[in-house]
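Everything numeric here is computed off the predicted structure, so don't read it as measured data. The chains referred to below are lettered A, B, ... by the order of the sequence lines, with proteins before strands, and numbering in each begins at 1.
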Amino acid sequence: MSGLKVIKKALLTSLWFVFLTFPIMVIKVDPVERIIRWRWQNSLYVALGTFCVYLLAQFILQRKIKKLESQTEQDSLPKESVIHRILANPKQRNLLIVALSAVILAFPLFSSSYQTNVMITALMYVVLGLGLNIVVGMAGLLDLGYVAFYAVGAYSYALLNHHFQLGFWAVLPIGGGLAALFGILLGFPVLRLRGDYLAIVTLGFGEIIRLILENWSEFSKGPSGISNISRPGLFGIELSLDSAIIYLYYLMILFVIVTIFIVNRLQDSRLGRAWIALREDEIACQAMGIDKRKTKLVAFSLGAFWAGIIGVVFAAKTTFVNPASFTFLESAIILSIVVLGGMGSIVGVIFGAMILILLPEYLRALSEYRMLAFGAILVAMMVFRPQGLISNIRRTYRFEKTHSLNVK
Amino acid sequence: MDYFIELFFSGITRGAIYALIALGYTMVYGIIGLINFAHGEIYMIGAFTSFIVATVLSIYGFPLLAIVLLSGVAAVIWSSAYGYTVEKIAYKPLRHAPRLSPLISAIGMSIFLQNYVLLAQTSDFLPFPELIPDFPFMEPVAHIVGSSDLIILITTAIIMLILTFIIKFTRVGKAMRATAQDRTMAMLVGINVNQIISVTFIIGSALAAIGGLLIASHIGQINFYIGFLAGIKAFTAAVLGGIGSIPGAVLGSLVLGLTESFATGYVSSDYEDVFAFSLLVLILIFKPSGLLGKAETKKV
Amino acid sequence: MNSPILKISGLTMDFGGIRALNRLELDVNAGEIVALIGPNGAGKTTFFNCLTGIYKPTAGEIMLTPPGSSKSISLKGLKPNHVTEKGLARTFQNIRLFSQMTVLENVMIGRHCRTKAFILGAIFRNAATRKEEKQIVESSAAILEKVGLADQANEFAKNLSYGAQRRLEIARALATEPFLLLLDEPAAGMNPQETHELDRLIREISKDGQSILLIEHDMKLVMSLSDRIFVMDYGKKIAQGKPSEIRANPAVIKAYLGEDVDA
Amino acid sequence: MKLMKSKKILAAAAVMMMAMYAPVAGNAADTIKFGVAGPHSGDLASYGLPTVNAAKLVIDQVNAKGGINGKKIEMLIEDDVCKPEIATNTATKLVSEGAQVVLGHICSGATVAAMPIYRDAKILVMSPSATTDPLTYSGEYPNFFRTIAPNAAQSPTMADFALNKLGLTKIAVIHDKGDYGKPLAEGAKKAIDDSGKGKVVLFEGITPGAVDYSAIVQKIKQSGAEAVIFGGYHPEASKIVSMMKKKRLKAEFISDDGVKDDTFIKVAGKDAEGVYAVGPEDVTSNKMAMKAKEEHKAAFKSDPGAFFDGAYAATTVMLHAIEKAGSTDLDALKKVLQEEKVETPVGAINFDQKGDAVGVGYSMYQVQNGKYVVVK
């Protein structure tokens with residue numbers, strides 16, 4: 001497009017937005033005092049803002065198109081990202097791992113406890129994202145009620161700790177197990193629903209769990225929640241708040257590593273292949289002898305298991321749970337992590353969680369514009385990179401004719 | 001028996017309210033298979049626009065009828081404009097993207113629009129002017145069906161008829177149906193698919209705007225967050241009825257409204273949503289494509 | 001003559017008011033290659049779908065007698081994966097490969113129902129799991145060798161040529177260790193060279209002792225391969241017999257009406 | 001091309017790191033850091049933002065006069081979206097940034113989650129709105145104060161008023177299922193049951209934000225209730241009151257501090273007439289409350305929202321305590337807060353040992369001619 005034409009379109013666009021935002025941005029009424037305030041200056045801001053944003057968006061799009069045009073046919077395959085290229089090179093990978101582990105291990109030492117605390121939250125969402133990734137990314141089941149299993153884990157710990165003084169480590173497997181059990185219970189009736197129907201049923205299930213926690217006061221103490229939950233213990237030593245945060249941080253690092261390890265192994269297994277096949281073509285999958293129901297159920301309950309585990313960590317971290325923490329928005333955020341990172345990609349989920357959890361925290365500088373910016377960034381990221389940050393390059397089985405088999 | 005009738009009318013009023021929003025969901029889903037999570041926000045913007053216009057006009061001393069009509073028209077115009085723009089910004093570039101990307105984009109849009117109205121207007125609840133007066137002739141039954149209930153029911157019925165007419169008999173409607181069935185095929189027979197998608201968003205948004213006006217006037221208050229719950233419920237209703245089906249959306253909404261009303265009346269309002277969602281799960285288990293949804297035949 | 005391993009009697013399938021299959025009778029003997037032919041819309045694929053559990057037939061019976069066993073099993077109402085476990089595998093008319101997976105992985109999926117490793121095996125990768133994985137890869141590779149795709153084992157399935165994709169579908173089905181292989185128009189869209197190779201491949205499979213039931217429009221292929229041929233029209237069987245008998249059958253010629261029965 | 005991409009990632013990482021450490025850098029010791037925490041975005045922003053406004057007004061005035069003991073007051077405003085898990089981040093952030101006193105949090109759940117962090121850091125926290133009993137009654141949070149009545153004080157007032165003042169016996173108790181409304185309603189139910197004078201004919205929760213409340217209103221009518229006690233906030237209260245008028249249900253409506261808010265009258269309009277609500281004493285005739293309202297109108301061109309008075313009062317007493325104590329040491333501040341009465345928009349108050357405000361008599365108000373009037 002020629003420069004002049006772009007400017008003209010930008011002008012038209014900004015005019016359209018001036019019209020669009022007219023009632024809400026310009027007029028403010030006080031219906032009781034019967035006063036109207038006309039804020040014409042806002043129109044000017046809108047006009048200027050849209051004009052600039054439009055030009056910027058065009059610039060990015062043009063570049064993207066040019067890049068696409070310059071690519072040859074063979075490039076049309078998902079290209080390996082920098083991350084994958086680094087991971088593929090053993091020397092670079094080792095260097096990266098050493099550097100990264102140094103930073104990760106030293107992080108609490110040079111950060112305030114706020115930074116560490118936020119990082120713990122981000123790590124929790126990494127694991128949640130990896131768990132949901134099994135369900136959505138690998139098995140292709142759209143789950144909008146993932147938060148329900150998270151709540152099951154959190155309340156298992158809260159209640160068992162409150163009534164029976166059970167410790168963190170004792171409840172960890174119980175919380176995970178209960179969540180997985182809930183996953184199976186829900187999965188049985190609903191897994192034969194397809195795509196979006198499954199989505200709404202899981203959404204409904206998430207809401208049902210929250211509402212029960214809210215209303216069944218005898219069981220869950222209702223909206224007042226359960227407070228004074230013990231932090232995770234370290235061989236019976238009572239930790240101060242700061243050291244508890246640091247302890248939890250290293251614990252989460254451990255969880256993340258274990259989760260990555262397990263998810264990785266699952267992905268490369270008979271089960272992982274079945275999930276991917278199921279995601280691609282259910283009918284062909286069944287015709288090849290894969291039990292659709294069982295395979296989906298396993299994905300569902302494994303995902304739930306991780307949500308349960310992190311639920312326990314959540315309760316231990318905040319020392320307080322109430323139903324307000326388990327709303328639909330939470331499920332939406334976890335799903336966004338998976339999609340934004342790049343469905344099915346482990347590295348992608350880690351990036352997605354870091355961005356989506358750290359972003360609102362560091363956007364605090366924008367104060368009241370925080371969530372506005374967050375929403376806009378979500379849209380922009382999807383528009384400019386719909387396949388997610390890291391496109392999923394699955395490791396594939398390689399077979400050499402010499403019968404030397406290696407899994408790359 | 002009186003109690004039953006009272007609950008019945010509460011239920012269908014609520015259902016009619018859901019229906020106005022659910023229609024937009026179902027139309028958009030039918031055409032592009034997208035759960036448009038920002039639709040609840042379009043409804044909220046409709047309510048806000050009509051609130052602003054109605055208040056301005058009443059301060060300038062316009063007569064009630066003029067206020068109702070003008071604020072309704074304004075709500076429809078601006079909601080449609082928002083719906084159109086949202087589609088162009090957040091969904092159109094994602095037409096060939098992986099299936100879940102537009103969903104995340106929609107969630108982002110929804111968060112954005114909520115906070116946009118929060119910042120540009122207020123976080124507080126605002127009193128919505130009473131646009132539907134108490135009709136004297138309704139007085140004997142007012143304890144069962146109020147004037148605003150009546151207007152909501154009538155409007156929903158009329159809109160439903162008009163919409164059915166448009167979809168069944170007009171050129172646009174036929175093009176919409178064709179696009180819904182097979183987008184590539186529709187394109188091949190010369191339908192401008194992008195245009196049809198825009199039209200769908202515009203019609204859906206206009207319905208949401210009318211819903212916004214009626215509901216806000218019925219309840220008497222608005223704030224920036226009203227779209228969220230209404231949106232979720234309407235979406236549930238649309239799926240219950242069989243997403244993509246227009247009579248289905250209305251039926252699903254009525255069923256949902258009645259369930260909630262009777263659950264409140266005969267069991268407990270603590271669990272009205274539990275009942276609503278349980279009903280949804282049950283119906284989908286026995287009828288996986290909703291009440292009026294077309295059963296999908298597996299093509300092998 | 002062998003006893004039939006597959007016996008279908010009175011198989012009927014209704015879709016709403018439309019009767020797609022009408023009291024169909026058919027049988028396949030051990031080691032036989034049987035072809036099912038008929039004009040488009042005759043109900044051939046519907047028949048396959050009923051057979052493999054994708055559709056649930058309205059009436060009739062499907063009996064399977066595994067070779068070397070005297071007991072018959074009814075397949076009616078079984079789920080597709082159970083049908084496959086019982087020893088029946090199929091290919092699809094419109095190719096349904098897992099396009100995001102490699103050629104080798106596609107075949108490995110076929111091994112799924114003959115292997116066991118589960119969550120714990122996947123996580124801990126114990127000796128048994130490792131052994132099983134190795135076997136999966138090796139036997140899949142052997143099958144690829146057989147169908148002539150070994151060189152392309154690491155390609156993504158979507159990047160294969162049309163003929164190769166068809167062969168991969170057969171390989172994937174073979175990986176499930178069926179004793180009866182159902183092929184749905186395996187030669188569709190192939191050039192003569194590819195069809196020729198397919199002919200050879202099917203014969204080889206048959207030589208290994210597998211029975212084959214195929215739907216095919218390529219009459220040359222059908223006539224050269226089949227031991228027996230069944231002809232369907234409007235959901236009914238209209239003829240059956242040896243290729244030479246079918247060629248001369250007036251009912252068949254009428255059903256194909258104008259279509260040149262290529263001989 | 002490839003190099004550029006990795007450079008970009010590096011640059012992004014660098015920006016991220018900088019963003020992470022930027023807030024820590026600004027560490028001037030010559031200000032008093034005043035934290036304000038609450039929901040400033042999301043569905044409950046309407047309860048958090050008025051608090052920020054109140055603190056701004058008071059602090060601007062104090063700063064205009066030269067601050068306290070020569071030190072200016074710096075506000076640290078942090079959003080917690082009313083979520084417990086975010087509130088712990090908010091609290092650690094405020095502590096890390098050196099907040100010396102904190103106004104907040106708003107929701108009880110978020111407050112309960114955040115308190116252990118402030119307690120360990122020995123920071124004074126004062127909430128204008130967190131009513132859950134354990135915050136003061138459990139004795140676990142010696143650094144917590146509030147300018148709102150705890151549930152334990154409010155619920156019996158509502159029950160007592162309905163039973164003894166109005167002489168009604170059949171009462172429906174409704175709540176919004178929230179951490180504020182539900183305990184209040186449960187307290188009221190218990191008070192009624194214990195009194196033996198009346199009967200709770202209906203006890204139910206409603207869904208906040210639902211599009212229509214006619215079914216529950218029909219149910220109240222069916223239950224034959226003469227009075228409705230509602231635990232919750234004003235948006236739901238006004239919806240129920242309007243629906244009661246629409247459905248021609250004549251029962252008294254008695255509610256809590258969350259409803260005793262001018263916004264309720266604004267939103268419910270003429271339907272608000274006759275509604276009773278518990279609230280701190282003397283607000284309408286309180287000069288300071290009127291002044292605060294005028295200041296808000298002048299500064300923000302709108303009427304103040306919920307918890308504005310309480311937040312204004314909390315800011316005032318905290319700054320007063322800092323000035324008197326000459327430091328922000330917790331024990332010194334506590335001493336001043338407990339010993340000295342300070343004039344605020346909610347009356348002249350000091351605090352008891354637990355942390356609850358003394359001198360805020362709670363009385364019953366009724367909406368008469370568009371105003372809350374004390375019922376004698």
Identify which of A:T327, A:N215, A:N322 forms the greatest number of heavy-atom pairs closer than 4.5 Å to chain D.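 Answer, by heavy-atom pair count under 4.5 Å with chain D: A:N215.
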If you tally heavy-atom pairs under 4.5 Å between each of A:N228, A:V321, A:T319 and chain D, the highest tally belongs to A:N228
For A:S227 versus D:V112, what's the shortest heavy-atom pair and its separation?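 Closest approach of A:S227 to D:V112: CB-CG1, 3.3 Å.
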Over all atoms of both residues, closest heavy-atom pair of A:F320 and D:G109: CE2-O, 3.2 Å
Counting only heavy atoms not in A:W216, do more than 12 fall under 6.0 Å of its CH2? no
For atom NZ of D:K297, is the number of surrounding heavy atoms from other residues, nucleotides or ligands below 6.0 Å larger than 12?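 Yes - once you tally the heavy atoms of other residues, nucleotides and ligands closer than 6.0 Å, there are more than 12.
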Toward chain D, the part of A:S325 with a non-hydrogen atom under 4.5 Å: both
Heavy-atom distances under 4.5 Å only: say whether A:V32 touches chain D with side chain, backbone, both or neither. side chain
So for [X], is it side chain, backbone, both, or neither that comes closer than 4.5 Å to the heavy atoms of chain A?
X: D:K177; answer: both
X: D:E186; answer: side chain
X: D:V95; answer: neither
X: D:N89; answer: both
X: D:L94; answer: neither
X: D:S108; answer: neither

Partner residues of D:Y141 under the ring pair (Phe, Tyr, Trp, His ring centres under 6.0 Å) criterion, sequence neighbours left out: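 Per chain and number, D:Y141 pairs via ring pair (Phe, Tyr, Trp, His ring centres under 6.0 Å) with no residue.
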Would you please name every residue forming a ring pair (Phe, Tyr, Trp, His ring centres under 6.0 Å) with A:F59, sequence neighbours left out? none
Would you call D:T92 and A:I245 a side-chain contact if the rule is heavy atoms closer than 4.5 Å? yes
Would a 4.5 Å heavy-atom cut-off, applied to side chains only, mark A:E330 and D:K83 as touching? yes
Which of the residues D:T132, D:I117, D:V81 is involved in the greatest number of heavy-atom pairs with chain A at under 4.5 angstrom?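 Option with the greatest count: D:I117.
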To the nearest 0.5 Å, what is the distance between [atom1] ([X]) and [atom2] ([Y])?
X: D:T90; Y: A:Y114; atom1: OG1; atom2: OH; answer: 7.5 Å
X: A:S113; Y: D:D120; atom1: OG; atom2: CG; answer: 10.0 Å
X: D:I86; Y: A:I357; atom1: CD1; atom2: CD1; answer: 7.5 Å

Return yes if some donor-acceptor pair links the side-chain N/O of D:K93 with the main-chain N/O of A:E361 below 3.5 Å, else return no. no
